[in-house]
Amino acid sequence: MQSSRNPDADPSPAAAGPDAAGPDAAAAAVADAADPAAVEHLAARLPSTAETGVRRLALLGSTGSIGTQALQVVAANPGRFEVLALAAGRATEQLAAQVAATGATVVGIAVDGGTAENPQNPPLVEALADAGVGHEIQIHTGEDAAEACAGVGADVVLNGMTGSVGLRPTLAALDSGATLALANKESLVVGGALVAAAVQRPGQVVPVDSEHSALAQALSSGRHERGLCAATHMPHQPGASEVHRLIITASGGPFRGWDAARLAEVTPRQALRHPNFSMGRMVTTNSATMVNKALEVVEAHLLFDVPLEDIVPVVHPQQIIHSLVEFRDGSTLAQAGPPRMLVPIALGLSWPHRLAAVDEPVDWTRPMSWDFEPLDDAAFPAVRLAKQAAAASPTHMAVYNAANEQAVEAFHAGRLSFPGILATVQEVLAAHDGGTAPTPSLEDVLGAEQQARALAEEHIAAARRTVGG
Ligand SMILES: NC(=O)C1=CN([C@@H]2O[C@H](COP(=O)(O)OP(=O)(O)OC[C@H]3O[C@@H](n4cnc5c(N)ncnc54)[C@H](OP(=O)(O)O)[C@@H]3O)[C@@H](O)[C@H]2O)C=CC1
Ligand SMILES: CC(=O)[C@@H](O)[C@H](O)COP(=O)(O)O
Ligand SMILES: [Mn+2]
């Protein structure tokens with residue numbers, strides 16, 4: 001950790017404030033498309049910043065798909081948010097530009113450039129100077145950098161990192177008392193009871209994952225009191241007894257309808273063609289294998305305390321319905337929106353308040369049709385495997401995820417076939433003895449992960465020898 005000031009940089013506030021960044025292309029497109037009078041009208045009906053306060057944010061994974069869209073939301077809502085901290089993995093120059101645009105005073109980077117892998121990347125201090133950052137700034141580098149940024153004292157910590165490396169930052173955010181806007185599903189799924197035990201108050205975790213944001217919205221939808229029905233509003237959070245099942249929608253990925261023989265030939269490039277979303281490499285690959293849906297089923301179980309058997313994934317290729325809550329009486333509430341992340345991210349930052357004109361709604365005047373079909377469990381066993389693992393022991397999902405992360409990297413490096421990803425997960429899970437402690441310690445989780453990664457590498461190497469020999 002170090003502190004620095006760049007004497008040559010432009011010290012004017014215009015170079016640092018959130019307004020300086022301006023909305024980028026996607027946010028500008030949304031704003032342009034919206035009728036300004038309608039936006040003003042909408043904004044006038046929403047709580048003012050005097051009521052909600054200015055939220056101080058820490059954005060972890062700020063250079064990724066979730067992180068950059070979060071910055072669009074911030075830029076499109078001047079005065080609502082103050083960016084306190086930004087953390088990234090290795091995109092030094094992009095991170096420095098974000099610091100310059102937002103005026104963040106704490107910044108973290110896991111790999112500070114200049115490595116053999118990334119020789120062109122200047123270290124962060126130099127990049128900050130090049131970006132014109134002139135204010136006092138606290139810099140964290142190395143593997144604990146994101147954790148340090150998570151604990152900086154923000155009102156809301158958005159965890160938009162990829163992978164179970166997000167676990168410590170998730171725990172640090174919860175320990176700090178901040179609201180955790182959670183996109184990094186891996187940390188919850190891997191930590192399980194450990195993360196649940198770190199939660200200090202109901203509502204401290206706000207899901208950003210689109211399906212879980214949809215479920216949270218549907219579960220809390222009864223709180224609006226309007227017009228003549230004001231006195232008949234339903235309770236804020238229906239009790240568990242009112243909720244029958246959670247229906248989680250899935251795109252089906254790029255290989256929907258494919259059988260095992262075709263799946264054996266899948267290339268990394270094909271696996272990265274998600275039908276609806278532009279996301280990072282890991283989550284996109286996980287969508288193709290259905291591991292993403294598997295993690296999401298366990299995520300929903302942990303977030304909403306609904307039994308695993310009552311969480312049902314359903315393939316809905318258009319991804320307009322982001323998920324549904326089925327109630328005891330046979331009524332079902334669905335949340336609909338375009339297949340984009342701006343609304344779930346904005347809700348994560350501003351929950352329980354909605355911001356104005358975050359995205360364009362679905363155009364209900366145009367003809368459209370929605371399809372729903374069951375998940376093909378034979379070709380895509382990821383969800384079944386995860387339900388078994390989550391029920392087996394508190395560390396089985398850490399093993400599932402760690403084996404998957406290793407296998408996905410091996411697949412993209414050309415060291416493993418596409419079906420080999422799930423085969424690796426299955427094999428590593430079979431060898432895991434989870435123990436019986438209901439709440440694992442952080443050491444238990446990290447130890448299980450470490451073993452799983454080593455075993456996965458053995459399996460990947462053996463699978464390669466079999467193919468090669
Ligand atoms: N993208 C989406 O639409 C959705 C994503 N999610 C979830 O959100 C999370 C992020 O996904 P996505 O944005 O697509 O992923 P990306 O790969 O686009 O971004 C990942 C971010 O994490 C950063 N990062 C990686 N390692 C570290 C580290 N050790 N310390 C700090 N930062 C690190 C990366 O930095 P750098 O770029 O510098 O390497 C980057 O900013 C995942 O858990 C995903 O499952 C959930 C729903 C939708
Ligand atoms: C946008 C989002 O939340 C992703 O997790 C998305 O759901 C991926 O879609 P599928 O995993 O259903 O393909
Ligand atoms: Mn999702």
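Just so you know, ligand 1 is whichever comes first in the structure, and atom 1 is the first atom listed for that ligand.
- No heavy atom of His322 sits closer than 4.0 Å to any atom of ligand 2.
- When Val111, Val189, Thr63 are ranked by how near their heavy atoms come to atom 40 (C) of ligand 1, first place goes to Thr63.
- Distances from ligand 1 to the non-hydrogen atoms of Asp209 include at least one value under 4.0 Å.
- Protein heavy atom in closest approach to atom 4 (C) of ligand 2: Met279 SD, 3.7 Å.
- In terms of protein heavy-atom proximity, atom 14 (O) of ligand 1 is nearest to Gly280 N, 2.8 Å.
- Of the possible polar contacts, one joining the Gln318 side chain to the Asp371 backbone as a donor-acceptor pair under 3.5 Å is found.
- Under the 30°/60° scheme for interplanar angles, the aromatic rings of His316 and Phe372 are found to lie parallel.
- A donor-acceptor distance shorter than 3.5 angstrom exists from the side chain of Lys387 to the backbone of Leu308, with no hydrogens or angles considered.
- Nearest protein neighbour of atom 7 (C) of ligand 1, counting heavy atoms only, is Ala183 O, 3.2 Å.
- Taking any N or O of Gly64, backbone or side chain, at least one lies under 3.5 Å from an N or O belonging to ligand 1.
- Here His316 has no heavy atoms under 4.0 Å from ligand 2, in either its backbone or its side chain.
- We find that Glu449 and Arg453 are joined by a salt bridge, their nearest charged nitrogen and carboxylate oxygen being less than 4.0 Å apart.
- Proximity to Val283 (heavy-atom distance under 4.0 Å) selects the following atoms of ligand 1: 14 (O), 44 (C), 45 (O).
- Between Ala91 and ligand 1, at least one N/O pair is under 3.5 Å apart.
- Which parts of ligand 1 touch Lys185 is read off a 4.0 Å heavy-atom cut-off, strictly below it: atoms 43 (O), 45 (O), 46 (C).
- Atoms of ligand 1 found under 4.0 Å from any heavy atom of Asn184, numbered from 1 in the order shown, are 43 (O).
- By the 3.5 Å distance cut-off applied to N or O atoms, Thr249 is not counted among the residues near ligand 2.
- In terms of protein heavy atoms, atom 24 (N) of ligand 1 is closest to Gly89 N, 3.7 Å.
- The side-chain heavy atoms of Leu349 and Leu158, taken from C-beta on, include a pair separated by under 4.5 Å.
- Residue contacts with ligand 2, taken as heavy atom pairs separated by less than 4.0 Å, involve Lys293 solely via side-chain atoms from C-beta onward.
- Of the heavy atoms in Ala110, only side-chain atoms (C-beta onward) come closer than 4.0 Å to ligand 1.
- In this structure, Phe304 and His212 have parallel ring planes: the angle between them is below the 30° cut-off, well short of the 60° mark.
- Residue contact check: Ser251 has heavy atoms under 4.0 Å from atoms 10 (P), 12 (O), 13 (O) of ligand 2.
- Backbone and side-chain nitrogen or oxygen atoms of Ser65 are examined, and one is located within less than 3.5 angstrom of a nitrogen or oxygen of ligand 1.
- Glu211 OE2, 2.3 Å is the protein heavy atom nearest to atom 7 (O) of ligand 2.
- Panel note: side chain Asn77, backbone Arg80; no donor-acceptor pair is recorded below 3.5 Å.
- Ligand 2 does not have Met290 within reach: every non-hydrogen atom of the residue lies 4.0 Å or more from it.
- Proximity to Phe277 (heavy-atom distance under 4.0 Å) selects the following atoms of ligand 2: 1 (C).
- Using a 4.5 Å heavy-atom threshold, the side chains of His322 and Glu211 count as separate.
- Using cut-offs of 30° and 60° on the angle between ring planes, the pair Phe255 and Trp258 is tilted.
- In summary, the aromatic rings of Phe327 and His244 are positioned with their centroids too far apart to meet the 6.0 Å limit.
- Put simply, the side chain of His459 never gets that close to the backbone of Val425: no donor and acceptor are under 3.5 Å apart.
- Comparing Gly160, Ala88, Gly142 by heavy-atom distance to atom 10 (C) of ligand 1, the nearest is Gly160.
- For the residue pair Ser213/Gln217, the side-chain donor-acceptor check at 3.5 Å is satisfied.
- Between Pro268 and Phe418, every side-chain heavy-atom pair lies at or beyond the 4.5 Å cut-off.
- The closest non-hydrogen atom to atom 2 (C) of ligand 2, taken over Ser278, Ser210, Gly252, Ala183, comes from Ser210.
- The shortest N/O to N/O separation between Ser210 and ligand 1 does not fall below 3.5 Å.
- With a heavy-atom cut-off of 4.0 Å, Glu186 touches ligand 1 through its side chain alone.
- Counting the atoms of ligand 1 from 1 in the order shown, those under 4.0 Å from a heavy atom of Arg90 are 36 (P), 38 (O), 39 (O).
- Heavy atoms from both the backbone and the side chain of Met161 come within less than 4.0 Å of ligand 1.
- A 4.5 Å side-chain heavy-atom check between Gln335 and Ser323 finds every atom pair outside the cut-off.
- Close contacts of ligand 2 with Gln319, meaning ligand atoms under 4.0 Å from a residue heavy atom, involve 7 (O), 9 (O), 10 (P), 12 (O).
- By the 3.5 Å distance cut-off applied to N or O atoms, Ala87 is not counted among the residues near ligand 1.
- When the options Asn159, Thr162, Ile66, Leu60 are ranked by their closest heavy atom to atom 20 (C) of ligand 1, first place goes to Thr162.
- An N or O contact shorter than 3.5 Å is missing between Arg281 and ligand 1 by distance.
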